[in-house]
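Heads up: numbering here begins at 1 and tracks the sequence. Remember, it's 1-based here, ligands and their atoms both numbered in the order they're listed.
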Amino acid sequence: MQTILVTGGAGFIGSNFVRYMLETHNDVRIVNLDALTYAGNLENLRDVENDPRYVFVKGDVRDKATVDAVFGDYAVDTVVHFAAESHVDRSITNPEIFLTTNILGTGVLLDSAKRHWNLRPDDKYCRDYRDGVRYLQVSTDEVYGALGKTGMFTEKTPLSPNSPYSASKTSADLLVRAYGETYGLPVNITRCSNNYGPYQFPEKLIPLMIRNCLTDTPLPVYGDGMQIRDWLHVHDHCAAIDTVLRKGAVGEVYNIGGNNEKANIEIIRLILKATGKDESLIRHVQDRPGHDRRYAIDNTKITTELGWSPDYTFERGMAETVQWYLNNQSWVERVVSGEYQNYYKKMYGNI
Ligand code: NAD
Ligand code: DAU
């Protein structure tokens with residue numbers, strides 16, 4: 001049986017991934033290591049918490065002793081590292097925690113993986129590892145910076161991050177690369193575009209706009225709303241990560257995208273329509289500092305070399321997502337009942 005350490009498994013993508021893996025494979029055990037920050041919520045995994053193949057450990061990826069104990073106690077042979085501070089706006093007002101969680105946390109995990117998996121950990125020249133081990137870093141298209149009107153990010157696009165968040169994710173990617181090059185650790189990096197789907201914390205564009213529509217709250221559109229993102233349904237992202245784990249070549253980077261470029265304002269109009277609200281809720285507010293204008297992922301490598309492609313059309317994905325938030329309004333209200341209220345006030349004031 002494969003034992004996968006999933007970090008950040010109580011967050012948006014992590015919880016979808018835990019569920020996806022338990023549903024798709026009989027022969028996996030999942031150890032979910034999560035610090036339960038504002039973005040982590042065990043309620044996201046209520047339906048799997050009694051599955052004998054699932055274990056939750058509350059802990060911080062920056063804490064060496066905890067990470068070492070997890071590797072030792074559970075004989076981990078695969079790591080999928082999601083845990084991160086993930087919101088660009090928060091990184092602009094409070095960059096420090098992004099540096100410690102996203103960079104140092106990745107360093108702690110890599111080092112623990114090397115020590116537990118290397119066949120002669122005290123020999124700095126030893127590049128031999130236990131059979132079948134793999135470390136997968138969940139990264140982002142934001143490491144490539146911003147695009148103009150044309151072009152797409154390939155795996156060869158130079159790294160050029162613009163926000164404290166994306167700079168921290170880029171730094172983490174470089175550490176992963178270094179552990180691959182220097183120590184021969186079997187690593188992969190995946191870089192994906194904007195995810196959407198169930199259990200996304202309502203600080204991010206799509207769930208924030210859905211919640212605001214449902215509560216008749218103004219919709220804060222940054223700048224002209226013409227910034228473009230390439231939307232990927234979270235289920236397709238989980239399937240892509242699973243594919244890289246099974247078929248990815250050691251040391252390779254794989255871009256993952258949904259072939260769905262949309263301007264923010266288009267999405268907001270779609271949500272207004274789906275929730276039966278009108279455009280009087282729209283408020284154009286001051287733009288995000290350093291706002292990346294456009295992202296677009298070239299999927300060629302993962303589709304041609306590994307055979308993955310996205311299943312969801314944007315229309316189906318959005319219809320299901322709006323319906324999920326409609327059906328789960330009590331989940332939304334519980335996750336926004338704490339520090340989110342202060343965050344929202346500080347971020348958006350009285351628009
Ligand atoms: P999220 O903010 O919803 O969840 C992050 C999870 O990490 C939470 O459960 C939180 O409790 C946990 N966590 C935070 N700090 C921790 C720490 N120090 N130790 C242990 N756990 C900690 O994030 P998400 O949107 O699910 O993103 C997951 C990963 O995917 C991140 O690495 C992010 O950079 C990457 N990513 C996200 C997107 C997206 O659109 N959401 C796109 C590309 C890449
Ligand atoms: O591209 C992948 C990245 O996507 C991930 O690495 C990040 O973890 C994830 O948060 C996301 O980053 P973005 O900054 O693209 O996502 P966000 O949902 O914050 O914003 C999407 C777009 O919507 C962006 O152009 C900013 C805009 N926006 C966002 C919010 C929250 C608004 O116009 N108003 C808002 O209130």
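Scanning T7, I206, T37, I97 for the heavy atom closest to atom 14 (C) of ligand 1 points to T37.
If you check which protein heavy atom lies closest to atom 11 (O) of ligand 1, you get D34 OD1, 2.6 Å. For atom 20 (C) of ligand 1, the nearest protein heavy atom (residue, atom name, distance) is A35 N, 3.3 Å. When hydrogens are left out, the protein atom nearest atom 5 (C) of ligand 1 is A84 O, 3.5 Å; that is the closest non-hydrogen contact. With hydrogens left out, the protein atom closest to atom 23 (O) of ligand 1 is S86 OG, 3.3 Å, a heavy atom. When only non-hydrogen protein atoms are considered, atom 18 (N) of ligand 1 lies nearest to D60 OD1, 2.9 Å. Considering only non-hydrogen protein atoms, atom 22 (C) of ligand 1 sits nearest to A83 CB, 3.7 Å. Nearest protein heavy-atom neighbour of atom 44 (C) of ligand 1: S139 O, 3.1 Å. The shortest contact between atom 26 (O) of ligand 1 and any protein heavy atom is with I13 N, 2.8 Å.
A salt bridge links E49 with R46: at least one charged nitrogen is closer than 4.0 Å to a carboxylate oxygen. Ion pairing between K169 and D141 fails under the 4.0 Å rule for side-chain N and carboxylate O. Taking the charged nitrogens against the carboxylate oxygens, D68 and R115 do have a contact shorter than 4.0 Å, which makes a salt bridge.
Heavy atoms of G105 come nearer than 4.0 angstrom to ligand 1 in no pair at all. Using a 4.0 Å heavy-atom cutoff, L36 is listed among the residues neighbouring ligand 1. Using a 4.0 angstrom heavy-atom cutoff, S193 counts as in contact with ligand 1. Distances shorter than 4.0 angstrom do not occur between any heavy atom of F201 and any atom of ligand 1. The closest approach between a heavy atom of S15 and any atom of ligand 1 is not below 4.0 Å. Ligand 1 lies within reach of Y165, whose nearest heavy atom is under 4.0 Å from it.
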Verdict with reasoning, Y144 to R191, per side chain to side chain donor-acceptor pair (under 3.5 Å): CA-CA 9 Å; Y144 298 122; R191 296 189 178 133; 3.0 Å; yes

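Within the 4.5 Å cutoff, side-chain heavy atoms of I206 are placed close to those of W231.
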Find all protein N or O atoms under 3.5 angstrom from an N or O atom of ligand 2 and list the pairs with distances, or write 'none'.
{"unit_1": "ligand 2", "atom_1": "1 (O)", "unit_2": "D141", "atom_2": "OD1", "d": "2.5"}
{"unit_1": "ligand 2", "atom_1": "1 (O)", "unit_2": "N194", "atom_2": "OD1", "d": "2.8"}
{"unit_1": "ligand 2", "atom_1": "4 (O)", "unit_2": "N194", "atom_2": "OD1", "d": "3.4"}
{"unit_1": "ligand 2", "atom_1": "4 (O)", "unit_2": "N194", "atom_2": "ND2", "d": "3.1"}
{"unit_1": "ligand 2", "atom_1": "6 (O)", "unit_2": "T140", "atom_2": "OG1", "d": "2.7"}
{"unit_1": "ligand 2", "atom_1": "6 (O)", "unit_2": "Y165", "atom_2": "OH", "d": "2.6"}
{"unit_1": "ligand 2", "atom_1": "8 (O)", "unit_2": "S86", "atom_2": "O", "d": "2.7"}
{"unit_1": "ligand 2", "atom_1": "8 (O)", "unit_2": "Y165", "atom_2": "OH", "d": "3.0"}
{"unit_1": "ligand 2", "atom_1": "10 (O)", "unit_2": "S86", "atom_2": "O", "d": "3.2"}
{"unit_1": "ligand 2", "atom_1": "12 (O)", "unit_2": "E142", "atom_2": "OE2", "d": "2.8"}
{"unit_1": "ligand 2", "atom_1": "14 (O)", "unit_2": "R288", "atom_2": "NH1", "d": "2.6"}
{"unit_1": "ligand 2", "atom_1": "14 (O)", "unit_2": "R288", "atom_2": "NH2", "d": "3.4"}
{"unit_1": "ligand 2", "atom_1": "15 (O)", "unit_2": "N194", "atom_2": "ND2", "d": "2.8"}
{"unit_1": "ligand 2", "atom_1": "15 (O)", "unit_2": "R229", "atom_2": "NE", "d": "2.8"}
{"unit_1": "ligand 2", "atom_1": "16 (O)", "unit_2": "N194", "atom_2": "ND2", "d": "3.4"}
{"unit_1": "ligand 2", "atom_1": "18 (O)", "unit_2": "L205", "atom_2": "N", "d": "2.8"}
{"unit_1": "ligand 2", "atom_1": "19 (O)", "unit_2": "R288", "atom_2": "NH2", "d": "2.9"}
{"unit_1": "ligand 2", "atom_1": "23 (O)", "unit_2": "N264", "atom_2": "ND2", "d": "3.3"}
{"unit_1": "ligand 2", "atom_1": "25 (O)", "unit_2": "R229", "atom_2": "NH2", "d": "3.3"}
{"unit_1": "ligand 2", "atom_1": "25 (O)", "unit_2": "N264", "atom_2": "ND2", "d": "2.9"}
{"unit_1": "ligand 2", "atom_1": "25 (O)", "unit_2": "H291", "atom_2": "NE2", "d": "2.7"}
{"unit_1": "ligand 2", "atom_1": "33 (O)", "unit_2": "Y222", "atom_2": "N", "d": "2.9"}
{"unit_1": "ligand 2", "atom_1": "34 (N)", "unit_2": "P220", "atom_2": "O", "d": "2.8"}
{"unit_1": "ligand 2", "atom_1": "36 (O)", "unit_2": "P220", "atom_2": "O", "d": "3.4"}
{"unit_1": "ligand 2", "atom_1": "36 (O)", "unit_2": "Y348", "atom_2": "OH", "d": "2.7"}

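Heavy atoms of T101 found under 4.0 angstrom from ligand 1 belong exclusively to the side chain. Contact annotation: for H81 versus ligand 1, there are no heavy atoms closer than 4.0 Å. Contacts between K169 and ligand 1, counted as non-hydrogen atom pairs separated by less than 4.0 Å, involve the side chain only.
When each atom of ligand 1 is checked for a heavy atom of V138 under 4.0 Å away, the hits are 30 (O), 32 (O). Against a heavy-atom cut-off of under 4.0 Å, F82 is close to the following atoms of ligand 1: 28 (C), 29 (C), 31 (C), 32 (O). Counting the atoms of ligand 1 from 1 in the order shown, those under 4.0 Å from a heavy atom of R62 are 18 (N). Near C192, meaning under 4.0 Å from any of its heavy atoms, are these atoms of ligand 1: 42 (C), 43 (C), 44 (C). The ligand atoms of ligand 1 that sit less than 4.0 angstrom from a heavy atom of G59 are 19 (N), 20 (C). Close approach of ligand 1 to N194 is summarised as follows: ligand atoms under 4.0 Å from at least one heavy atom of the residue are 40 (O).
Checked against the 6.0 Å centroid criterion, the rings of Y165 and H87 do not qualify as a close aromatic pair.
Applying ring-ring contact (aromatic ring centres under 6.0 Å, His included) to Y196 and the options F314, Y325, F201 leaves one that passes, F314.
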